[in-house]
Amino acid sequence: MIDAIEQIKKVWKGRDDRHRREYCAELLAVYKHDWRTLLDARMRELFSEETYQNLRMRLDTSLNLLAWYAEEMGGIYAEPAVRTIDGEEIEGLAPYINYGELDAAFDEAARICVVTREVFLRPLVVDREGQRSIVCDIVTPDKAAIIPHPQDPLAIQAILLECCASDAYPEAKMAVWTPTQHWMLNANWQPCKVYPLDANGRRSGKGEMQTGINPYGVIPYVPCFASYPAMGFWHDHKSKGLLDATYHAGIQKTDHNHLRHFQSFKQLYIRSDKEVKNAPALALDPAAVIQVRGQSSEVGAIDLQANLREHLDTLLQGAQATLALYGIRPEAVRGQAGQGVQSGYALQIKNHRTQRIKESYARSWVRNEQRLYQVARRVADMDQLGVALPDGVYGVKHADMSPPQNPTEQAALAIQLKEAGWSEANIMREVWGKNNDWIEANAQERLEEQASQPRPEAPIFGMPATNAAANNAAPFGAAESDEVDA
């Protein structure tokens, strides 16, 4: 027990890990649009006190490139994912998926993970009005310290987390987990007492010392990565470029606001070979009177003019170049992403890099979910979920992240393929993206629809049987070959 606490304590108090946590907290503050104070501190460092005081009243944090990138690239769970066991969707996953709540948790965790590059998830069993299900607790890296596994780059030997006091642990400040131990620590880094709770969750007895046993046999906090962890466990430094670009854009936008504000002002100038009385008073009171003497004296005003359009264009061009390096189309910065080509193959080409980055990120989260599910099965068994989560190969299929297609172009392509001899099943599969299950279900529906329609009476001799061809036609996808004849 002492060894585990002392080792993780040493990591937590180390200068390197402290700086890492502070940097992660800064990243998250910018991502949550709570970075006005941080921008103010940057400007105080860059400008003289007089210039800083003029600019600080017009701080602008609206152009948040870091949050923009996270929302664009991290939205892989914007549409619900399909989860399977051994390739089949089964009802046994319902308590785990929890009616879409799992996707909601992953959606936020995936966006955070784009920024911090790592995030921790813990499956928890909760009881809501008698219905037991699983939810996910999200822990960001600024609240945790870890001891990495010496062989497995995806695993950890121990984790220390900041936590809040509870009825059971009123003195708790920290939590330590290893595969075999679990300790709640007070402010002095000592195991605190645990109090029994009654059926209503209230303390009902005296505090006792903890056993320190981890009931799950594994660390319940699963590290999730934005990419495979090469060259170390933490990779938050990969967001440094976007963070600096966001600060730079904020300073430029603030400066632009300052220049625009001063377009309505004029600056007074005085030329005189004699002393000008009461001149400093003008700085505080525009109605003050000054005395200017001398034959060559001159008093006038200068317009404070700047090329605002050129200044703004320079700002936006810098933002465009930054986002283009990270895979976002430059015209999105100017709000022009929807102009021009709206769909079709041309838009697929323009979004090729963005889609490739998102698909790579989605594959990383498939691995994250697979490791989380194995831990969730143990938690569900130990914390009495009520049903056992099914065993087998856990699979995840994210929704299609490609740009929308032009229906007119798809219809024209379908007609061309039909004329070339393609079967309807293959056309629906290749052009419209339908799977075999959908094709078979649609064919069955058409068979049932035809069976429910009344059969026409026999035609009178000599009259053409106009409905015969329609009645004898094969239903959609029912009697056609799946082979491509083109």
Side-chain angles (χ1 to χ4, degrees), residues 19 21-72 111-112 115-116 142 239-271 276-290 292 299-323 326 328 330 332-336:
H19 289 171
R21 296 196 306 273
E22 292 172 352
Y23 172 63
C24 280
E26 183 180 0
L27 286 173
L28 290 169
V30 176
Y31 165 70
K32 294 184 292 186
H33 299 278
D34 186 22
W35 58 295
R36 186 179 180 87
T37 302
L38 296 172
L39 180 60
D40 184 272
R42 286 286 183 110
M43 297 187 64
R44 184 183 287 274
E45 294 176 357
L46 289 174
F47 300 104
S48 65
E49 183 63 24
E50 182 179 358
T51 304
Y52 162 74
Q53 292 298 334
N54 290 331
L55 294 174
R56 67 185 299 267
M57 299 304 296
R58 295 172 184 85
L59 288 178
D60 193 329
T61 59
S62 60
L63 192 56
N64 192 334
L65 302 182
L66 182 69
W68 199 342
Y69 180 78
E71 293 296 326
E72 178 70 20
R111 296 176 196 272
I112 293 174
V115 176
T116 61
D142 60 315
S239 297
K240 182 65 174 175
L242 273 172
L243 180 65
D244 289 342
T246 303
Y247 279 128
H248 187 61
I251 293 170
Q252 284 188 305
K253 199 70 164 42
T254 299
D255 189 34
H256 180 78
N257 293 344
H258 179 69
L259 290 175
R260 183 177 180 182
H261 174 73
F262 270 87
Q263 299 305 292
S264 59
F265 288 83
K266 293 181 180 293
Q267 184 176 19
L268 184 70
Y269 72 87
I270 301 172
R271 293 176 181 173
V276 179
K277 296 183 179 181
N278 206 29
L282 286 175
L284 300 175
D285 183 9
V289 178
I290 61 173
V292 181
V299 178
I302 301 176
D303 289 336
L304 296 176
Q305 295 294 326
N307 193 333
L308 294 178
R309 183 176 295 276
E310 182 179 350
H311 187 272
L312 184 60
D313 284 343
T314 302
L315 188 161
L316 294 178
Q317 286 174 7
Q320 286 177 333
T322 298
L323 290 178
Y326 288 89
I328 297 180
V333 177
R334 295 178 180 269
Q336 299 173 344

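For Glu50, the CD atom sits in a loose shell: 12 or fewer heavy atoms of surrounding residues, nucleotides or ligands are nearer than 6.0 Å.
Arg58 approaches Thr254 most closely through the heavy-atom pair O-CG2, 3.3 Å. Considering all non-hydrogen atoms of both residues, Tyr31 and Ala67 come closest at O-CB, 3.7 Å. What you find for Ala70 and Arg111 is that their closest heavy atoms are CB-O, 3.8 Å. Between Thr51 and Ser48, the closest heavy-atom pair is OG1-OG, 3.1 Å. Residues Leu63 and Thr246 approach most closely at O-CG2, 4.2 Å, considering heavy atoms. Between Leu65 and Leu242, the shortest heavy-atom distance links the atoms O-CD2, 4.3 Å.
Ion pairing between a basic and an acidic side chain is recognised when a charged N comes within 4.0 Å of a carboxylate O; Arg36 and Asp40 show no such pairing.
Note that the CZ atom of Arg42 and the CD1 atom of Ile251 stand 7.0 Å from one another [nearest 0.5 Å]. Atom CG of Leu38 is separated from atom CG of Leu243 by 8.5 Å, given to the nearest 0.5 angstrom. Atom NZ of Lys253 sits about 9.5 Å away from atom OG1 of Thr61, to the nearest 0.5 Å. Atom CG of Leu66 and atom CG of Asp244 lie 10.5 Å apart (nearest 0.5 Å). Here Asp255 contributes atom CG and Asp60 contributes atom CG; the two are 11.5 Å apart, rounded to the nearest 0.5 Å. To the nearest 0.5 angstrom, Tyr247 atom OH is 15.5 Å from Gln252 atom CD.
Annotation: side chain of Glu26 is not in contact with side chain of Trp35 (no heavy-atom distance under 4.5 Å).
When each of Thr116, Leu27, Leu28 is checked for a side-chain contact (heavy atoms from CB on, under 4.5 Å) with Asp142, only Leu28 meets the rule.
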Any chance you could lay out the side-chain contact (heavy atoms from CB on, under 4.5 Å) test for Gln53 and Phe47, step after step, and finish with the verdict?
-> CA-CA 9 Å; Gln53 292 298 334; Phe47 300 104; over 6 Å; no
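Without hydrogens or angle criteria, Ser239 side chain to Val115 main chain gives a donor-acceptor distance under 3.5 Å.
If you check the side chains of Tyr52 and Arg44, you find a donor sitting under 3.5 Å from an acceptor.
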